[in-house]
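Here's the structure we're looking at; comments come further down.
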Amino acid sequence: MSTLNILVLHGPNLNLLGLREPEIYGATTLKDINTRLEKEAKILGVSLHCFQSNHEGALVDQIQAALGKFSGILINPAAYTHTSVALRDALAAVNLPTVEVHLSNIHQRETFRHHSYIAPIAVGQICGFGAESYYLGLRALVNHIRAR
Ligand code: DQA
């Protein structure tokens with residue numbers, strides 16, 4: 001079995017995790033999350049590339065460049081979840097299995113966070129478990145790819 005390569009994308013303001021509204025997002029930093037994801041990836045026998053941007057176009061570029069290099073995408077689109085047709089179209093275009101994750105439970109929060117442009121083209125969405133949403137999401141994505 002060849003090693004799966006997973007692209008992990010973090011959207012805007014997630015570089016501020018740890019500082020940013022800790023009562024909602026917790027104390028874990030993005031560096032902590034990426035370090036733990038690397039550990040989980042080793043256990044699962046996959047390799048990871050993690051990328052964060054505050055810019056929609058930079059995320060679109062990463063998604064387009066994923067074609068032929070990655071087997072799946074784990075994404076926390078952050079605020080772009082609720083606004084970005086461009087991210088959704090890029091994900092639909094490359095057609096790689098995608099799992100959407102959120103630290104907070106977006107369905108329990110303001111109504112503008114209830115809608116996701118990404119969810120309809122994702123394999124699934126995991127939210128509300130804090131940083132754990134990412135680790136669950138990685139496992140779910142890898143299991144999904146391996147079961148295909
Ligand atoms: C978030 C939820 C979004 O609504 C918000 O804009 C974020 C973070 C989360 O991980 O809980 O930036 O994606």
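Residue numbers start at 1 and run along the sequence shown.
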Can I43 and R139 be said to form a side chain to side chain contact (heavy atoms under 4.5 Å, CB included), step by step? CA-CA 10 Å; I43 293 167; R139 193 164 284 265; 4.3 Å; yes

From the list N15, N54, N34, side-chain hydrogen bond (donor to acceptor under 3.5 Å, both in side chains) partner of H10 resolves to N34

Would you kindly confirm whether [X] and [Y] end up in one hydrophobic cluster when ILVMFWY residues are joined by side chain heavy atoms under 4.5 Å apart?
X: L136; Y: L48; result: yes
X: L141; Y: V101; result: yes
X: L30; Y: L9; result: no
X: L37; Y: L14; result: yes
X: L103; Y: Y135; result: yes

Around atom CZ of R113, are there more than 12 heavy atoms of other residues, nucleotides or ligands at under 6.0 Å?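 Yes, because the 6.0 Å sphere around CZ of R113 holds more than 12 heavy atoms from other groups.
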
Quick check for you: to the nearest 0.5 Å, what is the distance between [X] atom [atom1] and [Y] atom [atom2]?
X: Q52; Y: L16; atom1: CD; atom2: CG; result: 8.0 Å
X: C127; Y: E100; atom1: SG; atom2: CD; result: 8.0 Å
X: I126; Y: N76; atom1: CD1; atom2: CG; result: 11.5 Å
X: L17; Y: I24; atom1: CG; atom2: CD1; result: 11.5 Å
X: T98; Y: H144; atom1: OG1; atom2: NE2; result: 9.0 Å
X: L87; Y: I63; atom1: CG; atom2: CD1; result: 5.0 Å

For R148 and R146, what are the C-alpha separation, side-chain angles and deciding distance, and is it a side chain to side chain contact (heavy atoms under 4.5 Å, CB included)? CA-CA 6 Å; R148 288 205 309 175; R146 287 191 171 143; over 6 Å; no

If you compare all heavy atoms of [X] against all heavy atoms of [Y], which two are closest, and at what distance to 0.1 Å?
X: R88; Y: I121; result: CG-CG1, 3.8 Å
X: I145; Y: P97; result: CG1-CG, 3.9 Å
X: I73; Y: A66; result: CD1-CB, 4.4 Å
X: P12; Y: P77; result: CD-O, 3.7 Å
X: S104; Y: Y25; result: OG-CE2, 4.0 Å
X: G137; Y: L74; result: C-CD1, 3.6 Å

Side chains of T35 and D32: donor-acceptor distance under 3.5 Å anywhere? no

Please list, chain by chain and in numerical order, all residues satisfying side chain to side chain donor-acceptor pair (under 3.5 Å) with S47, sequence neighbours excluded. N5

Is there a donor-acceptor pair closer than 3.5 Å between any side-chain N or O of T81 and the backbone N or O of A78?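 Answer holds: yes.
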
Just do the salt bridge (Lys or Arg N to Asp or Glu O under 4.0 Å) check on K42 and E38 with the steps written out, would you? CA-CA 6 Å; K42 264 203 189 115; E38 289 289 354; over 6 Å; no

For Q125 and I106: C-alpha separation, side-chain torsions, deciding distance, then whether side chain to side chain contact (heavy atoms under 4.5 Å, CB included) applies. CA-CA 11 Å; Q125 180 195 68; I106 56 173; 3.5 Å; yes

Once ring-ring contact (aromatic ring centres under 6.0 Å, His included) is applied, what residue pairs with a partner in residues 36-85 remain, sequence neighbours excluded?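 For residues 36-85: none.
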
